[in-house]
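Beneath this line is the structure, given in structure tokens, with notes to follow.
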There are 2 protein chains.
Amino acid sequence: MDYAKEKDLAASRAKVMKALGHPTRIFMVQLLSNEDSSVSDLTKAVGADVSTVSKHLSLLKQAGLLIDRKVGNKVLYSLICPCIMEFIHCIDDVIYQDAEKGLSCINVNRKKLL
Amino acid sequence: MDYAKEKDLAASRAKVMKALGHPTRIFMVQLLSNEDSSVSDLTKAVGADVSTVSKHLSLLKQAGLLIDRKVGNKVLYSLICPCIMEFIHCIDDVIYQDAEKGLSCINVNRKKLL
DNA sequence: TGTCAATTTGGCAAAATTGCCAATTATAGT
DNA sequence: ACTATAATTGGCAATTTTGCCAAATTGACA
């Protein structure tokens, strides 16, 4: 077997995952799921150098997760897919399951449905 | 504002995302969503050194995504949350939306619902 | 017990990521 | 045009990740 297609798909998916695989970046995505924010707002919230924040944002944009627009003096970033948060909540199952051992992910899901 | 809790959550989430943020690792997760596999099987599919594959697997295990069990001569790995694949499909929306510009993620989702 | 196949671990060099500072660009408001 | 604020970019050192080889470990089975 060659798996060429599956590997291509994996590479595309990995790129997006990787973008989300940094504490500061996923934190900013969380903030942006509440409201569009400027670089300076995010910089305050994150507590790092502006240049660092700016680079993280452009990486997220590059991954297809954010868009930006100029408003007055500032650049506002927004989530392209607000649905990305549902997706992130899905990851939380893995974290819970890790926290309370023995409780399978499926049970966690069932719990939430009840 | 302090955001201490949100930042903690972000860090936990980032850890899992990061584990999935590598082409080889997410490819193996894809394979494991079909059937449990041994290190040697995965090694063939991936086409890297066994030691490399073994290390990737232990990283995924460490992230809470896989478990392993010994069966005869081999170590079989399996997905703890098969639901992780739904979550991965969610990412595909971002990829599609990137491919066909102008089609928002929400529309892609609507399409799938129809 | 000895051997062999399967897997993990140690070690290391190459590559990639991260985050800060300094310098640059852009633009709103005076 | 000038100034001040906002953001991006270039550059670089420090850290982390990656992937291979070689060596050690594990367990099945003769």
Side-chain angles (χ1 to χ4, degrees), chain A residues 3 7 10-32 35-79, chain B residues 3 7 10-32 35-79:
Chain A
Y3 296 113
K7 282 184 184 174
S12 302
R13 287 167 169 169
K15 189 179 146 198
V16 179
M17 296 289 188
K18 196 172 181 180
L20 292 169
H22 187 286
T24 298
R25 286 195 296 263
I26 203 166
F27 174 52
M28 294 196 297
V29 168
Q30 289 171 200
L31 294 175
L32 290 169
E35 54 177 353
D36 299 356
S37 313
S38 66
V39 179
S40 40
D41 287 343
L42 292 168
T43 298
K44 272 186 210 114
V46 163
D49 194 89
V50 206
S51 67
T52 301
V53 171
S54 174
K55 277 173 185 168
H56 279 310
L57 286 168
S58 91
L59 193 153
L60 285 166
K61 183 181 164 188
Q62 169 68 28
L65 291 162
L66 306 182
I67 44 170
D68 59 343
R69 65 183 193 279
K70 195 110 204 208
V71 173
N73 215 5
K74 313 191 164 180
V75 175
L76 290 193
Y77 278 87
S78 13
L79 275 185
Chain B
Y3 296 113
K7 282 184 184 175
S12 303
R13 286 167 169 169
K15 190 181 146 197
V16 179
M17 296 289 188
K18 195 172 181 180
L20 292 169
H22 187 285
T24 298
R25 287 196 295 266
I26 203 165
F27 175 52
M28 293 196 297
V29 168
Q30 288 171 200
L31 294 175
L32 289 169
E35 54 177 354
D36 300 356
S37 314
S38 67
V39 179
S40 39
D41 287 344
L42 292 168
T43 299
K44 272 185 211 113
V46 163
D49 193 89
V50 204
S51 68
T52 301
V53 171
S54 173
K55 276 172 184 167
H56 279 310
L57 287 169
S58 91
L59 193 153
L60 285 167
K61 183 182 163 186
Q62 170 67 30
L65 292 163
L66 304 183
I67 44 170
D68 58 343
R69 65 184 194 280
K70 194 111 205 206
V71 173
N73 217 6
K74 312 191 164 178
V75 175
L76 288 194
Y77 278 87
S78 12
L79 274 185

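To find a chain, count down the sequence lines: A is the first, B the second, and so on, and within it residues start at 1.
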Problem - B:L31 side chain near A:Y3 side chain, heavy-atom distance below 4.5 Å - result: yes
Exercise for the section: Can you tell me the distance, in whole Å, between the CG atom of B:L59 and the C1' atom of C:dT9? Expected result: 15 Å
Protein-nucleotides 5-12 of chain D N/O pairs under 3.5 Å:
unit_1	atom_1	unit_2	atom_2	d
D:dA7	OP1	A:V39	N	3.4
D:dA7	OP1	A:V75	N	3.0
D:dA7	OP1	A:V75	O	3.4
D:dA7	OP2	A:S40	N	2.7
D:dA7	OP2	A:S40	OG	2.7
D:dT8	OP1	A:Y77	OH	2.9
D:dT8	OP2	A:S54	OG	2.7
D:dT8	O5'	A:S54	OG	3.4
D:dG10	O6	A:K55	NZ	3.1
D:dG11	O6	A:K55	NZ	2.7

Exercise for the section: Would you mind reading off the distance between B:H56 atom NE2 and C:dT9 atom C1', rounded to a whole angstrom? Expected result: 15 Å
Problem - Atom pair OG (A:S78) and CZ (A:R69), whose distance is rounded to the nearest 0.5 Å - result: 4.5 Å
Exercise for the section: Round to the nearest Å and state the distance from A:K18 atom NZ to D:dT18 atom C1'. Expected result: 10 Å
Exercise for the section: Could you tell me which residues satisfy side-chain hydrogen bond (donor to acceptor under 3.5 Å, both in side chains) with B:D68, sequence neighbours excluded, listed by chain and number? Expected result: B:K61
Problem - Distance in angstrom units between A:R69 CZ and C:dA26 C1', rounded - result: 18 Å
Practice task
Can you sort out the partners of A:D41 under side-chain hydrogen bond (donor to acceptor under 3.5 Å, both in side chains), two or more places apart, ordered by chain and number?
Solution key: A:S38
Practice task
Drop me the distance from A:Q62's CD to A:L65's CG, to the nearest 0.5 angstrom.
Solution key: 10.5 Å
Completion exercise
Between the CD1 atom in A:I26 and the CG atom in A:L32, the distance rounded to the nearest 0.5 Å is 12.0 Å
Between side-chain atoms of residues 46-58 of chain A and protein atoms elsewhere (two or more places apart, or another chain), which donor-acceptor pairs fall under 3.5 Å?
unit_1	atom_1	unit_2	atom_2	d
A:D49	OD2	A:S51	N	2.9
A:D49	OD2	A:S51	OG	2.7
A:H56	ND1	A:R25	NH1	3.1
A:S58	OG	A:K55	O	3.4

Handout entry: Contact list for DNA chain C against residues 24-32 of chain A - heavy-atom distance below 4.0 Å
Key = A:R25
For residues 17-24 of chain B, tabulate all N or O donor-acceptor pairs below 3.5 Å that involve a side-chain atom, not counting sequence neighbours.
unit_1	atom_1	unit_2	atom_2	d
B:H22	ND1	B:T24	N	3.1

